[in-house]
Amino acid sequence: MNLESLLHDRLAPAFAAVAGHPVDPAVRASPHADFQSGAALGLARELGRPPREIAAEVAAAADLAGIADVAVSGPGFLNLTLTGDLIDAALRAAAADERLGVAPVTAPERIVVDYSGPNVAKEMHVGHLRSTIIGDALARTYEWLGHDVIRVNHLGDWGTPFGMLVEHLVDLGGGSDHSIGDLTAFYQAARVKFDTDDDFRTRARLRVVALQSGDPLSRDLWRELVARSEQYFLDVYARLGVTLGPDDFAGESRYQGDLDAVVAGLTEKGLLTESDGALCAFPAGFTGRDGAPLPLIVRKADGGFGYAATDLAAVRHRVGKLGADRMLYVVGSPQRIHFQMVFAVAREAGWLPDDVIAEHIGFGSILGSDGKMLKSRAGDTIKLAALLDEAVARATAPAVGIGAIKYADLSGDRMGDYVFDWDRMLASTGNTGPYLQYAHARIRSLFAKAGSGPGEVAVTEPAERDLALALLGFEPAVRAAAASAEPHRLAVHLHGLAMAFSAFWERCPVLRAEGSVRASRLGLADLTARTLHTGMFLLGIEAPDQI
RNA sequence: GCGCUCGUAGCUCAGCGGAUAGAGCAGUGGACUUCUAAUCCACCGGUCGCAGGUUCGAAUCCUGCCGGGCGCGCCA
């Protein structure tokens with residue numbers, strides 16, 4: 001149940017009656033009561049009356065019987081204090097519902113979420129962490145709310161590096177698993193040869209041509225590389241608890257057949273200009289260093305296609321074939337302008353209708369303790385696998401270590417940078433994954449000993465009431481996270497819920513209570529566990545029964 | 001130079017138009033015959049980068065500065 005909406009709906013008619021027109025009651029959580037409405041303040045000038053008088057009139061007119069006690073406060077606020085009956089009823093309704101009282105959206109959208117997108121033949125590294133974690137949390141959240149989510153893993157599986165990689169594979173004698181071995185070593189060996197061996201470099205260039213023109217051997221070896229990499233990615237996703245699966249891979253190679261059509265389409269619309277031999281689009285409103293129009297390079301001077309062409313083809317495909325109502329690109333902030341330009345060109349080309357939303361979901365960097373981009377001590381990029389190994393080694397259990405990393409990534413505003421700090425993220429207290437897991441596990445242990453299940457909730461103690469309000473704040477938190485594509489809104493709420501539960505735990509004995517009090521507290525505990533479990537599930541964080 | 005983004009307590013961060021700006025960590029002082037003390041309670045701690053503006057009301061919106069990060073034609 002969404003209490004804010006309920007209060008909003010009850011106050012709106014009263015405000016409309018007093019003001020003579022519709023007014024947003026502006027119901028918010030309040031430090032002075034459960035909720036407050038400050039709308040009377042804004043009406044004072046218009047109505048030429050003191051705000052407290054307006055507030056009093058609204059309070060008298062509003063139908064809040066059985067829902068909340070209302071009082072005029074301060075300069076003209078309405079303080080709203082929920083009745084015990086309403087709280088009990090709302091908790092019972094949530095407890096009786098598998099979805100905790102959160103109804104699916106009434107108008108489901110088809111939402112394409114593009115995230116993770118690692119490069120074939122390279123190991124995943126910390127640079128892929130945030131996109132993978134944030135994207136997965138968003139996909140899970142939208143899906144749970146009832147949207148039709150299509151996950152897209154836009155692999156870097158095409159382009160000039162693959163001439164080099166395939167040629168290297170040929171040198172090693174073909175495509176058996178053993179010849180590829182460690183992906184990073186394989187890539188680096190190819191790279192070294194490419195940089196130092198003229199003959200190899202020439203063969204690599206020819207191999208690109210062969211690959212792109214469909215030479216069977218080249219294609220087979222390329223496919224082997226892709227397959228190997230995909231299996232490796234899936235292993236990482238399994239460790240991370242990320243829901244990307246084998247059917248979600250849709251790499252750049254998939255759009256190669258569409259690129260000529262992209263160029264043709266843009267040409268037909270008169271959107272392409274030749275500049276220094278390259279075909280460029282110049283969407284309105286983008287300027288570069290010298291104030292000149294900023295180009296989106298669709299086809300390079302050498303005739304090859306850049307990523308802009310692929311991204312445009314992907315937009316076309318996602319709108320035209322996948323039927324997207326909304327597309328989210330969970331990609332780091334540095335690419336913000338690129339995507340804005342892609343979206344702008346796609347709109348001009350007619351591939352992105354006005355009623356389809358395309359959003360770049362940017363995020364900040366992960367920093368080391370020195371305040372710079374996170375690197376290993378030697379200054380290299382840190383492999384994701386190594387990071388996960390360390391998390392597991394440092395934590396009491398794999399789920400705790402992995403959960404700590406994921407929660408640290410999701411608990412702050414995604415646009416900000418954050419400092420990667422093992423001690424802080426693994427701490428059992430504070431706004432951390434382990435704290436949430438601990439709160440959940442405590443409840444599970446309670447039921448392991450209780451000998452009876454949850455009963456009907458009837459809130460009496462202040463700590464129970466605080467917990468109840470936190471529980472009822474779950475729905476608004478999930479909807480807020482979804483509305484702004486900001487998982488931290490849910491994460492912060494879950495931390496507050498866990499804190500409210502801890503306070504309840506200290507002050508309100510459960511198993512030592514008797515009769516209906518014991519049953520009610522078990523009911524509160526159970527609802528808390530289920531809410532934490534669901535919320536953590538939406539963030540992609542495991543909630544073990546024991547820690 | 002232009003653009004994007006971030007500047008809130010010693011540290012890490014919420015809050016993003018409403019009443020005395022909130023948490024956590026660190027610090028100080030308490031609480032274990034107790035359902036997981038991996039916890040809880042209290043205290044301490046802030047000219048919300050600076051200066052204007054809009055508003056009944058600004059950390060929140062606008063403008064201009066200052067400081068950090070990132071981008072700005074053939075890498076993705």
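All chains are named by letter (A, B, ...) in the order of the sequence lines, taking the proteins before the strands, and each is independently numbered beginning at 1.
Within the 4.5 Å cutoff, side-chain heavy atoms of Gln36(A) are placed close to those of Pro31(A). The closest side-chain heavy-atom distance from Gln256(A) to Leu259(A) is below 4.5 Å. With contacts defined as side-chain heavy-atom distances shorter than 4.5 Å, the pair His338(A)/Asp311(A) qualifies. Side-chain contact between Leu11(A) and Leu80(A) is present, with at least one heavy-atom pair separated by less than 4.5 Å.
For G15(B), the O4'-C1' to base torsion is more than 90° from 0; the nucleotide is therefore anti.
Val510(A) comes within 4.0 angstrom of a base, heavy atoms only. Nucleic acid contact class of Ile547(A) (heavy atoms, under 4.0 Å, all strands): base. When heavy atoms are screened at a 4.0 angstrom cut-off, Thr160(A) is found touching no nucleic acid atom at all. Note on Gly412(A): only backbone sugar-phosphate atoms sit closer than 4.0 angstrom, heavy atoms only; bases stay farther off.
As a whole-Å value, the separation of Leu436(A) CG from G24(B) P is 14 Å. Taking atom CD on Glu486(A) and atom C1' on G15(B), their separation rounds to 12 Å, with Å as the unit. As a whole-Å value, the separation of Ile366(A) CD1 from G69(B) P is 18 Å. To the nearest angstrom, C1' of A38(B) lies 15 Å from CD1 of Ile443(A). Rounded to an integer number of Å, the gap from CE of Met499(A) to C1' of A14(B) is 10 Å. With rounding to whole Å, Phe363(A) atom CZ is found 13 Å from C70(B) atom C1'. The interatomic distance linking Trp505(A) (CH2) with U39(B) (P) rounds to 13 Å, in whole Å. Between Asn431(A) atom CG and A38(B) atom P the separation is 20 Å, expressed in whole Å.
Out of G73(B), G24(B), A19(B), the shortest distance to the side chain of Ser275(A) is found at G73(B). Distances were taken from every side-chain heavy atom of Ala278(A) (C-beta onward) to each of C74(B), C35(B), C25(B); the shortest belongs to C74(B). In the set C70(B), A23(B), C4(B), C70(B) carries the atom at the smallest distance from any side-chain atom of Pro334(A). Listed nucleotides C40(B), C74(B), C35(B) differ in distance to Leu446(A); the shortest reach to its side chain belongs to C35(B). Here the nucleotide nearest the side chain of Ser502(A), chosen from A19(B), C35(B), C40(B), is C40(B). Side-chain proximity of Tyr418(A) to C13(B), U39(B), U5(B): nearest is C13(B). Set against G18(B), C35(B), C16(B), the side chain of Arg489(A) has C16(B) as its closest nucleotide. Here C74(B) is the nucleotide among C74(B), A37(B), A14(B) with the atom lying nearest to any side-chain atom of Lys300(A). The side chain of Arg28(A) sits closest to G18(B) out of G73(B), G18(B), G24(B). For Arg289(A), taking side-chain heavy atoms from C-beta onward, the closest of the listed nucleotides C72(B), C35(B), U5(B) is C72(B).
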- Message: For a salt bridge (charged side-chain N to carboxylate O under 4.0 Å, His left out) check, start with the C-alpha distance between Glu57(A) and Arg49(A), then their side-chain angles and the critical distance, and finish with the verdict.
- Response: CA-CA 11 Å; Glu57(A) 197 171 323; Arg49(A) 300 168 56 191; 2.5 Å; yes
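If you take atom P in G67(B) and the same atom in G22(B), they sit 32 Å apart, rounded to whole Å. As rounded to the nearest Å, C6(B) and G10(B) have P atoms that lie 22 Å from one another. Nucleotides U8(B) and G68(B) have their P atoms positioned 15 Å apart, rounded to a whole Å. U5(B) and G57(B): their P atoms are spaced 28 Å apart (whole Å). Taking atom P on both nucleotides, G27(B) is separated from U20(B) by 33 Å, rounded to a whole Å. Look at the P atom in both G3(B) and A19(B): the space between them is 34 Å, to the nearest Å. Only the C1' atoms considered, C48(B) is 34 Å distant from A38(B), to the nearest whole Å. Rounded to whole Å, the C1' atom of C62(B) lies 7 Å from the corresponding atom of U54(B).
For Ser411(A) against A14(B), no side-chain N or O and base N or O form a donor-acceptor pair under 3.5 Å. Residue-to-nucleotide contacts include no donor-acceptor pair under 3.5 Å from the side chain of Asp423(A) to the base of A26(B). Put simply, the side chain of Glu506(A) and the base of A37(B) share no donor and acceptor less than 3.5 Å apart.
Here Phe77(A) counts as stacked on A19(B): its ring centre is under 5.5 angstrom from the base ring centre and the planes meet at under 30°.
Across all strands shown, A23(B) pairs with U12(B); the Watson-Crick or G-U wobble distances both stay below 3.5 Å. Partner assigned to U60(B) is none, using Watson-Crick or G-U wobble distances below 3.5 angstrom. With a 3.5 Å ceiling on both atom-pair distances, the Watson-Crick or G-U wobble partner of C70(B) is G3(B). When both distances must be under 3.5 Å, the Watson-Crick or G-U wobble mate of A37(B) does not exist.
Two rings, from Phe35(A) and His8(A), have their centers 6.0 Å or more apart.
Checking the phosphate oxygens (OP1, OP2) of U39(B), a side-chain nitrogen or oxygen of Ser428(A) falls inside 4.0 Å. A close approach under 4.0 Å does occur between a side-chain nitrogen or oxygen of Thr429(A) and OP1 or OP2 of C25(B). A sub-4.0 Å separation between OP1 or OP2 of A23(B) and a side-chain N or O of Tyr435(A) is absent. Contact annotation: Arg521(A) side-chain N/O to C35(B) OP1/OP2 distance is not under 4.0 Å.
Along RNA chain B, the nucleotide closest to Gly42(A) and the one closest to Thr287(A) are compared, and the more 5′ of them pairs with Thr287(A). Toward the 5' end of RNA chain B, the nearer of the two residues Ser333(A) and His488(A), judged by each one's closest nucleotide, is His488(A).
Within 6.0 Å of the CE atom in Met415(A), the count of heavy atoms belonging to other residues, nucleotides or ligands exceeds 12.
Phe504(A) and Phe501(A) have tilted rings, their planes meeting at an angle from 30° to 60° on a 0 to 90° scale.
Of the residues listed (Tyr255(A), Tyr329(A), Phe249(A), Phe339(A)), the one engaging His154(A) in a ring pair (Phe, Tyr, Trp, His ring centres under 6.0 Å) is Tyr255(A), and it is the only one.
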